[in-house]
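Proteins come first, then strands; the chains are lettered A, B, ... in the order of their sequence lines, and each starts at number 1.
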Amino acid sequence: MSEYLILLYVDEQASAAMSDADRAELLERHGAFQQKHGEAIRGGDALQPSATGRTIHTGDGGVGVTDGPYAETKEALGGFYLIEAPHLDAAVAIAADVPAPNGGVEVRPILVLG
Amino acid sequence: MTVPAAEVAAAVADAHRREWGFVLAATVRVTRDLDLAEECVQDAYAQALQTWPERGVPAKPAAWLTTAARNRALDVLRRGSRFDRLAPMLVMDDVEPAPADGEPDIPDDRLRLICTCCHPALAPEARVALTLRLVCGLTTAEVARAFLVSEPTMAARITRAKKKIAGAGIPYHVPTAEELPERIEAVLAVVHLVFTTGHAAPSGDRLRRGDLVERALDLARLLRALLPGDADVAGLLALMLLTDARRATRVDEGGELILLPDQDRGQWDAAEIAEGVALVREALRRRPPGRFALQAAIAAVHAEAPSWNGTDWAEIVALYDVLLQLYPSPVVALNRAVAVGFARGVEAGLTELDALAAEPQLATYGYLAAARADFLRRVDRIAEARTAYEEALVLTSNEVERRFLERRLAELSR
């Protein structure tokens, strides 16, 4: 078994513009996903919008702190699931079930330090 | 018992060509590591060269080589020298229990190996490199030569791909029935690329690279044996056979290009054509027909035509229409436009070709300019034909094609 991180990227403007009914439906779909893959899910959360973040840059002998996300992009990291799966194909099959109406998801294998 | 060295060398070479993938696939099961498996298989072939002269060539060389390679692998693993390795083990599904008695039954794991090499998580060029190296047993130098990159570049590409397989957990398994069609499509794309690279070398001084064509045919035949009911596999094998059947007539003794109208059809490979035509019939039974099956059907119409003028061009245009509708692509549109020129007249063909001039994907595709040049020449629009030939010349890197275009250009001036 290996661990994989599923990163959920969302278009924040589209997300903010969602109606309450759509938002409730999305939560419901996440609930259904968590129920279906409960055995594989090790953790996960949704994140506040990227504008609420602070980015700390280190290097060149100094530390600088700026507002906002590390990289300014149209689609920002909006949440994640940590899952356990036997192999990449199985992880991708689980990730394909993640509801992602305003973006997409990325699957990254967790690096195991030997 | 002693066997002449030449006979042993030939038997080992034959087993290398036919059985490398089988032996490696079975050895990976034991090592759960591609690099170690490759080393052990290499050792097994070396051992065969030493042992077979005295003990004779075994009745089942693949089984002998697999046993030798697996024993070597177990030896290495037992000594533990590999346990402190950094790379994670390959992910594998259940290994079936060894039979209780008699000759061990070696499972055919080649489909696993091929599907792992052609996994969609790998970059397309890495899929081709891994397949040629692991399934066909080509050396890194040979793979590098095939794709015109330096050996260190190719070695790095192969190493990166193997690391990704282990690191990302790309499984060593046959995809589920649900995944299989998409995965076979990726495998067939690799085989097709190997074939086209060999059939019309993108650059170099020869038109055809026979070694690559042979490897592609080997791979397609292997897939056909592993997946006998798959219409796409049948379609691709048919397309390759029907295309390759013309190999003896595509260049003259001086290595100069001969186009389809001028080829000596009597020299086409009748056995390959018969095999290809039977496979096309089978592949077309699936609805909707696959891309390769339709392309093979077009090649079959050419293969069965008594002459260029006796070709059923209306049938060819009709097949291109279906192909374009189901699998649209600018290159298919170009081929269809050329067929229209022969079915309905040069003017009609030129109209179709001109409609494709704005297609960005064809802007650097020399065959569009070459086709226009040929049609313009036929209707005596000499100045325009000259410009088109010159454009085609700029866009080709193949020496044989370049000389052909230069000849045509020179003929215009006369």
Chain A contact via Glu178(B) - side chain, backbone, both or neither, heavy atoms under 4.5 Å: neither
What part of Ala168(B) gets within 4.5 angstrom of chain A, counting heavy atoms only: side chain, backbone, both, or neither? both
For the residue pair His192(B) and Phe292(B), establish whether any side-chain heavy-atom pair is separated by less than 4.5 Å. yes
If you measure from the Lys or Arg side-chain nitrogens to the Asp or Glu carboxylate oxygens, is any gap between Glu38(B) and Arg133(B) under 4.0 Å?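 Arg133(B) and Glu38(B): salt-bridged.
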Any sub-3.5 Å donor-acceptor pair from Asn71(B)'s side-chain atoms to Thr67(B)'s backbone N or O?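 Between the backbone of Thr67(B) and the side chain of Asn71(B) there is a qualifying donor-acceptor contact (under 3.5 Å).
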Any sub-3.5 Å donor-acceptor pair from Trp20(B)'s side-chain atoms to Leu134(B)'s backbone N or O?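 Answer holds: yes.
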Please rank Thr176(B), Val91(B), Ile170(B) by heavy-atom pairs under 4.5 Å with chain A and give me the top one.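 So the answer, after comparing Thr176(B), Val91(B), Ile170(B), is Val91(B).
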